[in-house]
Amino acid sequence: MPAGGQLRADQDDGAYRRMSDATVAAEGPRYDYRAAEPKWQAAWDARGCFRVADVPTDGKPKYYVLEMFPYPSGKIHMGHVRNYTLGDVVARYKRARGFAVLHPMGWDAFGLPAENAAIERGVHPGKWTWENIAAMRAELQRMGLSLDWSREFATCDPSYYVHQQRLFLDFLKQELVYRRESWVNWDPVDGTVLANEQVIDGRGWRSGAPVEKKQLAQWFFRITADAPELLAALDGLENWPERVRVMQANWIGRSEGARLRFALAAPEAGITEVEVYTTRPDTLFGMSFLAIAPEHPLAAAMAARDPAAAAFVAECRRMGTSEAVIEAAEKRGHDTGLRVAHPFIAGASYPVWIANFVLMEYGTGAIFGCPAHDQRDLEFARKYGLAVPPVVLPPGEDAARFQVGAKAFVDDGTIINSGFLDGLAAPAEAKRVAIAELERRGVGQGVVNWRLRDWGFSRQRYWGCPIPVIHCRSCGVVPVPAEQLPVVLPDDVDFSRPGKVLDHHPTWKHVACPTCGAAAERETDTLDTFVDSSWYFARFCSPHAAEVVDRAAVDHWLPVDQYIGGIEHAILHLLYARSFTRAMHKTGHLSIDEPFAALFTQGMVTHASFRAADGRWLSPDEVEMHGDGSAVEKAGGAAVQVGRIEKMSKSKRNTIDPGEIIDRYGADTARWFILSDNPPDRDMEWTEAGAVGAFRFTQRLFRLVESAPAAPSGLPAAWSVAARGLRRATHRAIGAVTEALESFSYNVAVARIYEFSNAIAEAERGDGGDAGLAWARFEALEAVARLVAPMMPHLAEEMYSRLHPGFEGVVADLPWLEADQSLAAAEMVTIAVQILGKLRGTVEVSPGADETSVLAAAAAEPHVERLLEGKRVIKRIYVPGRIVNFVIAG
RNA sequence: GCGAGAGUGGCGGAACGGUAGACGCAGUCGACUCAAAAUCGACCGACGCAAGUCAUGGGGGUUCGAAUCCCCCCUCUCGCACCA
């Protein structure tokens with residue numbers, strides 16, 4: 001899904017030669033990843049290690065690992081490397097743990113970039129996409145991922161989207177999708193609908209023309225029908241990040257409030273009242289104006305007869321449809337001159353404004369303004385000199401003197417200046433009473449409102465899944481009959497004309513109505529690409545099935561046990577997929593409601609950016625770094641400004657090509673560095689030094705194996721202190737790495753392996769014919785090879801095959817190691833001794849020592865003893881195995 | 001603007017409320033070498049001769065004890081419905 005990139009460039013392996021030729025010459029045995037990586041990839045492939053059946057019969061517990069599938073931009077980028085490495089660690093680890101692991105890969109292959117390529121370079125979107133897929137597949141395969149490639153598909157392939165069209169028609173039958181008018185960003189020059197990202201400062205990115213809002217008939221997916229269920233079920237998603245659940249809950253946005261009607265003083269174009277939704281009916285007495293959205297029917301009515309109102313509405317139309325733009329814009333309004341009555345205060349009347357910050361899509365498209373207790377209303381009121389009457393008194397304030405300044409008071413308080421509501425607690429109690437009164441008077445009622453809107457998924461684009469309906473003048477919307485599916489995109493298309501490509505096609509849209517046979521037209525909109533990714537995880541279970549899904553396969557494999565992807569998908573993609581799963585349950589395709597049992601969200605990959613004095617962005621390989629952090633341009637030696645570390649992007653030229661890294665250092669090095677740098681849910685910085693460090697470690701591990709003792713034939717007669725120590729390190733490492741892998745703390749797993757390899761190297765130096773230590777070294781080397789296997793699978797195979805020359809199998813098929821707790825146990829523990837919480841010394845005690853003896857030992861520690869002399873100890877805190885704290889008087 | 005996160009040495013980070021800085025990178029010194037690379041060893045938060053003091057974005061608080069829990073603030077990042 002992540003976007004970006006273009007066709008791969010020629011790769012330069014000069015840097016690899018620079019760093020390694022000398023190494024090979026001087027160093028002797030050396031791990032040759034260039035030979036080893038393809039060899040082991042072929043071995044896994046030949047054994048079919050990673051293939052599983054749609055409906056397995058081996059009785060193994062199932063585990064479905066899925067990473068968000070990529071958009072085929074043409075090259076993999078570091079974000080992909082990170083994503084797929086994380087998933088591969090999970091997949092390989094779970095396999096070793098005895099699970100049958102489903103780990104598929106495919107392509108999110110429809111989307112705007114292919115059309116941009118068509119427009120800018122005249123290449124057909126399909127050709128462009130399929131070439132990109134071929135290039136990216138080759139790059140991914142070099143990473144040594146434990147994928148079942150037999151399941152690969154691309155969403156732009158009719159063999160995939162035919163099922164999506166069937167799903168659409170199933171949804172249509174059950175009225176889960178429907179058609180209505182909705183606003184879009186319109187580029188009047190290009191005659192096209194613009195995506196939000198194509199609107200730059202209110203103008204079309206290609207034409208530069210001011211963008212307008214325009215209404216079009218569009219298809220919608222009835223996601224709001226599921227809103228209560230989508231919200232409630234978040235509680236059950238215990239293995240999702242808390243923050244994603246909170247973001248989704250806020251997005252769904254359940255609120256309790258009231259709908260109430262304000263009567264207009266005089267009817268306007270037949271409109272006699274304005275309905276408002278509010279979450280704060282308790283503040284109704286603090287009203288100072290009523291505001292409606294520029295798209296509100298009343299605003300349209302005013303615009304029809306008042307040029308000033310029309311001008312203001314037209315201006316708002318040029319703002320685009322993005323909520324971020326609307327809400328960040330300066331609050332502006334137009335006084336219509338209309339007035340409304342107050343539901344509770346007889347005789348009071350308030351002005352009606354059209355305001356640019358009122359959203360037509362939320363509530364009723366109209367609000368009552370209570371500036372004292374809503375920040376946006378306050379800013380608006382201050383700008384236009386409207387009254388700010390306070391009606392909620394903060395605790396401890398004096399009602400006679402309380403004034404609202406620059407900040408609205410939105411917290412709990414007591415109602416004042418509000419007639420029958422006075423003295424009630426706000427908001428809770430006063431809300432109930434106000435709603436009861438609205439209902440008694442018949443002007444409003446308490447309602448639950450949702451922020452979530454139905455998902456408009458029509459797109460006026462070529463490179464997407466055709467919507468399988470036909471518009472007939474007499475029969476209306478007619479589904480394409482099942483036997484005529486798929487509706488395939490035409491290949492002979494013309495991108496040179498403005499407007500919709502499918503609309504312009506000379507023949508494609510002209511068909512006979514399936515019902516009456518009269519001349520009719522195909523729907524020429526296509527589906528949002530989010531639809532493609534809302535059910536692909538289900539298709540992966542039976543990718544070759546003749547029907548949408550094979551029930552036995554999806555019932556076996558779903559839900560996805562571990563889903564991994566970027567935090568940028570925390571809301572939309574995940575919410576759409578959750579809702580689609582429910583819809584597919586309703587239409588009988590699935591038996592589950594939640595598609596992803598566990599979710600992990602990774603951080604971005606960043607890199608320093610470089611800028612020449614004249615402002616040009618420089619790519620990392622045009623820059624030479626110095627030890628003090630300064631940098632110069634390689635060509636010419638001019639000083640370079642080292643800029644911020646930020647997300648890799650083409651515009652800042654701070655991207656690193658994974659293909660080049662794999663050429664220079666191998667896939668295992670890339671995987672190892674990307675795992676070692678930092679916790680996977682945080683942004684990571686790619687550095688050349690870090691990659692080189694990871695490369696050196698692969699060589700170091702290999703050397704340890706090259707100098708390994710021969711495989712021992714039996715247990716030694718005795719265990720020396722050093723041998724016991726190494727075995728302890730081995731079994732502790734097994735335990736610690738396992739724990740770290742289970743909790744996604746891959747950087748910690750890496751650190752434990754570094755520690756472990758340091759212990760092995762130390763033992764190697766100390767091994768002077770100690771049979772017990774040689775035995776322990778062999779055990780340790782075998783362990784380290786198997787512990788690194790999920791992370792550096794090729795190196796692990798190479799190490800293991802050298803330790804066991806006759807071994808015919810692969811590490812990828814071996815079970816995970818179990819730590820022997822009795823060997824891992826410490827012989828002595830260090831207890832920190834504090835006085836008043838400050839560290840004053842440490843004591844060594846045996847793990848079984850009782851409290852009295854530990855306290856005695858702590859008090860006897862020379863430094864502590866001196867400080868305690870003459871002091872009265874009033875409390876002794878003892879945490880076994882950790883600390884002693886003496887609390888002294890005075 | 002609204003919603004959600006993050007902030008610990010020169011850098012990435014570790015740390016069930018219990019010895020802050022594991023491990024790695026960079027750096028310094030040494031060994032090996034004609035030399036360099038690679039490798040191996042030692043050192044490596046700040047201040048201080050030392051005892052020690054100060055240190056986890058800033059300011060408060062809870063606790064015997066806070067990077068960790070609570071409140072306020074600052075900075076950066078992600079999302080905001082047609083990018084994927």
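A, B, ... follow the sequence lines: proteins, then strands. Residue 1 opens every chain.
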Quiz item: A:Glu568 side-chain donor-acceptor pair to B:C83 base, under 3.5 Å: no

Stem regions touching RNA chain B, defined by at least 3 consecutive Watson-Crick or wobble G-U pairs below 3.5 angstrom: B:1-7 with B:74-80, B:10-12 with B:23-25, B:27-31 with B:39-43, B:45-47 with B:52-54, B:57-61 with B:69-73

I'd like a table of donor-acceptor pairs (distance under 3.5 Å, sequence neighbours excluded) in which one partner is a side-chain atom from residues 671-678 of chain A, with atom names and distances.
residue, atom, partner, partner atom, Å
A:Arg671, NE, A:Met791, O, 2.9
A:Arg671, NH1, A:Asp88, OD2, 2.9
A:Arg671, NH1, A:Met143, O, 3.1
A:Arg671, NH1, A:Gly144, O, 3.3
A:Arg671, NH2, A:Asp88, OD2, 2.8
A:Arg671, NH2, A:Pro790, O, 3.0
A:Trp672, NE1, A:Tyr754, OH, 3.2
A:Ser676, OG, A:Trp672, O, 3.2
A:Ser676, OG, A:Phe673, O, 3.1
A:Asn678, OD1, A:Arg82, NH2, 3.0
A:Asn678, ND2, A:Asp683, O, 2.5

side-chain N/O A:Arg376 vs B:G1 OP1/OP2, d < 4.0 Å: no

Sugar-phosphate or base contact per nucleotide [nucleotides 14-21 of chain B; S, B, -; heavy atom under 4.0 Å]: S-B-BB--

Residue list, salt bridge (charged side-chain N to carboxylate O under 4.0 Å, His left out) with A:Glu742, at least two apart or on another chain: A:Arg97

Residue list, salt bridge (charged side-chain N to carboxylate O under 4.0 Å, His left out) with A:Lys214, at least two apart or on another chain: none

Syn/anti state for B:G9 [syn: chi within 90° of 0]: syn

Nearest-Å distance once atom C1' is located in both B:C73 and B:G7: 14 Å

Below 3.5 Å between N/O atoms, which protein atoms pair up with nucleotides 50-58 of chain B? Just atom names and distances, please.
residue, atom, partner, partner atom, Å
B:G52, OP1, A:His863, NE2, 2.9

Polar side-chain contact A:Arg461-B:C82 base: donor and acceptor under 3.5 Å: yes

Smallest separation among heavy atoms of A:Trp240 and A:Arg245, with atom names: O-NE, 3.7 Å

Donor-acceptor pair (no angle test) under 3.5 Å: A:Glu323 side chain, B:C2 base: no

Sole candidate of A:Val879, A:Thr842, A:Val845 that passes side-chain contact (heavy atoms from CB on, under 4.5 Å) when paired with A:Ile831: A:Val845

Given RNA chain B, 5'-ward residue of the pair A:Glu242 and A:Val193, judged by closest heavy atom: A:Glu242

